[in-house]
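Written out below as structure tokens is the structure these notes cover.
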Amino acid sequence: MAKQDYYELLGVEKGASADELKKAYRKMAMQYHPDRNQGDKEAEHKFKEVSEAYEILKDDQKRAAYDRFGHAAFENGGGRGGPGGGAGGFNFDFGGGAGGFADIFDEMFGEFMGGRRGGGGASGRGQDLRYNLEIGLEEAFKGTQTNVRVPTSVQCDGCNGSGAAAGTQPITCPTCQGHGKVRAQQGFFTIERTCPGCHGAGKVIKDACKTCGGAGRLRKEKTLQVNIPAGVEDGTRIRLAGEGEAGLRGAPAGDLYIFLAIAPHPIFQRDGANIHCRVPIPMTTAALGGTVEVPTIDGTRTKVTVPPGTQSGHQFRIKSKGMSVLRSPQRGDMYIQAVVETPVNLTKRQQELLREFESGGKEGSNPQSEGFFAKVKELWEDLKD
Ligand SMILES: [Zn+2]
Ligand SMILES: [Zn+2]
């Protein structure tokens, strides 16, 4: 039987992108996966074919070889010694020594959290879980302890995770004699795949635990205490090893990852260890000088001396009033940016006073305006010429 074209098999164009290939394969693999088509030889065959096609096409080098030589690229391999021999040869081994199809599946479906290569699948390791946690800037400053409730799987107490009914033990899988893998010849290739009888565990359960139905774990919500250290950054990932989903039949548990987000603060902007804050300053204080009181991230207040003639945009640095620094007793600085406020809703009297103030002025009190208008004047003079 002539082998079908790999692209045709996956139902994609020859120029398909890696993403398109992956999508097509994922769809096919879901459809023909042996777990979903128990005993269906045709589906199993199709599954092998599409997996083989994907295995080749997802690898740039193998794909290039295939595009040039078709199936012949692999039939001749690296000459004597078969596939995998010599440079330019082609090493095709589904087993890869460790997980066979399960690895492909991990790669495809275990992408949750960037996945965990080589885990999951055949070994039944529990999934990693992600929990998104938002905290305030004050909490990030002080550090905090919080409880999170995570819907997950926990080990079954009825069977201590083995999945076998009380008083019984799992037995060696008769399909694979405990290897967890079975090999099948397909054309030139020997394909090794996870044993369908035990899903790679090497053992099967004759009397399943009544509580968990043999899975060794139960769906449950778990409450965990999480310590958030002072000075954490937005986007920090905290890993709680072994606090993810329980493994299948006693396999290791996955990890729980807490993804921290820091909520925007109404008055403070964080910049690493420093904190910025825009503070409105009354026009009179800016002109005459004085002090303003500003809040700080630690919940106290601090006084800032405003020198006479302070302009909008002027920055004051207050040392060590910024954020805490992770695993350090130090603190960043706080930067206060003055925003001089022009008064509004003036009374008659205030207006009079301001007019009087204006008429009583002397040259040099508004250097910026004077400088600006001097330049404008020059510009106009130049234009006249
Ligand atoms: Zn159980
Ligand atoms: Zn088996």
Side-chain angles (χ1 to χ4, degrees), residues 26 30 33 35-36 99 102-166 170 194 199-201 205 208-265 270 323-324 326-327:
R26 189 186 293 233
M30 296 284 261
H33 194 273
D35 286 353
R36 295 185 149 201
D103 276 352
I104 305 176
F105 267 83
D106 278 352
E107 208 178 288
M108 309 252 341
F109 305 117
E111 276 175 343
F112 182 76
M113 294 274 327
R116 170 175 277 255
R117 310 273 159 193
S123 71
R125 181 185 179 274
Q127 285 261 37
D128 290 336
L129 298 176
R130 170 180 180 151
Y131 187 93
N132 294 329
L133 181 66
E134 191 180 72
I135 59 169
L137 191 62
E138 282 91 350
E139 287 174 303
F141 169 77
K142 277 185 288 206
T144 181
Q145 211 174 48
T146 183
N147 288 327
V148 298
R149 290 162 68 87
V150 193
T152 182
S153 292
V154 296
Q155 186 173 311
C156 169
D157 286 337
C159 58
N160 285 325
S162 75
T194 304
H199 300 286
I205 291 160
C209 164
K210 301 262 181 309
T211 316
C212 62
R217 60 184 178 190
L218 297 165
R219 307 271 338 147
K220 207 180 153 190
E221 196 170 71
K222 195 156 76 168
T223 303
L224 284 167
Q225 198 174 59
V226 186
N227 285 314
I228 315 243
V232 285
E233 301 264 354
D234 187 59
T236 299
R237 213 171 82 167
I238 299 172
R239 174 168 166 255
L240 301 180
E243 297 291 3
E245 195 187 46
L248 200 58
R249 284 183 287 279
D255 300 331
L256 173 68
Y257 289 86
I258 308 277
F259 277 59
L260 270 186
I262 297 173
H265 194 277
R270 179 187 194 175
M323 279 302 279
S324 39
L326 199 64
R327 284 183 281 277

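It should be emphasised that the depicted structure is a prediction, and the values quoted were computed from it without experimental measurement.
- Considering all non-hydrogen atoms of both residues, R270 and A140 come closest at NH1-CB, 4.4 Å.
- Open room surrounds NZ on K142; 12 or fewer heavy atoms of other groups in view lie less than 6.0 Å from it.
- Salt-bridge annotation for K220 and E245: absent, with no side-chain N of the basic residue lying under 4.0 Å from a carboxylate O of the acidic one.
- A salt bridge links R125 with D255: the closest approach of a Lys/Arg side-chain nitrogen to an acidic carboxylate oxygen falls below 4.0 angstrom.
- Rounding to the nearest 0.5 angstrom, the gap separating the CG atom in L256 from the CG atom in L240 is 5.0 Å.
- Once rounded to the nearest 0.5 Å, the distance linking CG of L218 with SG of C156 reads 4.5 Å.
- Annotation: the span from N132 atom CG to I258 atom CD1 amounts to 9.0 Å, rounded to 0.5 Å.
- Summarising the geometry of A246 relative to R217, their closest heavy-atom pair is O-NH1, 2.7 Å, with the distance given to 0.1 Å.
- Pairing each heavy atom of G244 with each of A253, the nearest pair is O-CB, 4.5 Å.
- Rounding to the nearest 0.5 Å gives a distance of 5.0 Å between CZ of R239 and OH of Y257.
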Below 3.5 Å, can you tabulate the donor-acceptor pairs from side chains in residues 224-235 to any protein atom, sequence neighbours excluded?
| from | atom 1 | to | atom 2 | distance (Å) |
| --- | --- | --- | --- | --- |
| N227 | OD1 | Q145 | NE2 | 2.7 |
| D234 | OD1 | I262 | N | 2.6 |

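- Atom CZ of R249 sits about 10.0 Å away from atom SG of C159, to the nearest 0.5 Å.
- Judged by distance alone, with hydrogens and angles left aside, the side-chain atoms of S324 form a donor-acceptor pair with the main-chain N or O of F141 at under 3.5 Å.
- Expressed to the nearest 0.5 Å, how far CG of L260 lies from CD of E139 amounts to 10.0 Å.
- Listed by chain and number, the residues in a side-chain contact (heavy atoms from CB on, under 4.5 Å) with A208 are I205 (sequence neighbours excluded).
- Residues satisfying the side-chain hydrogen bond (donor to acceptor under 3.5 Å, both in side chains) criterion with R149, sequence neighbours excluded, are E221.
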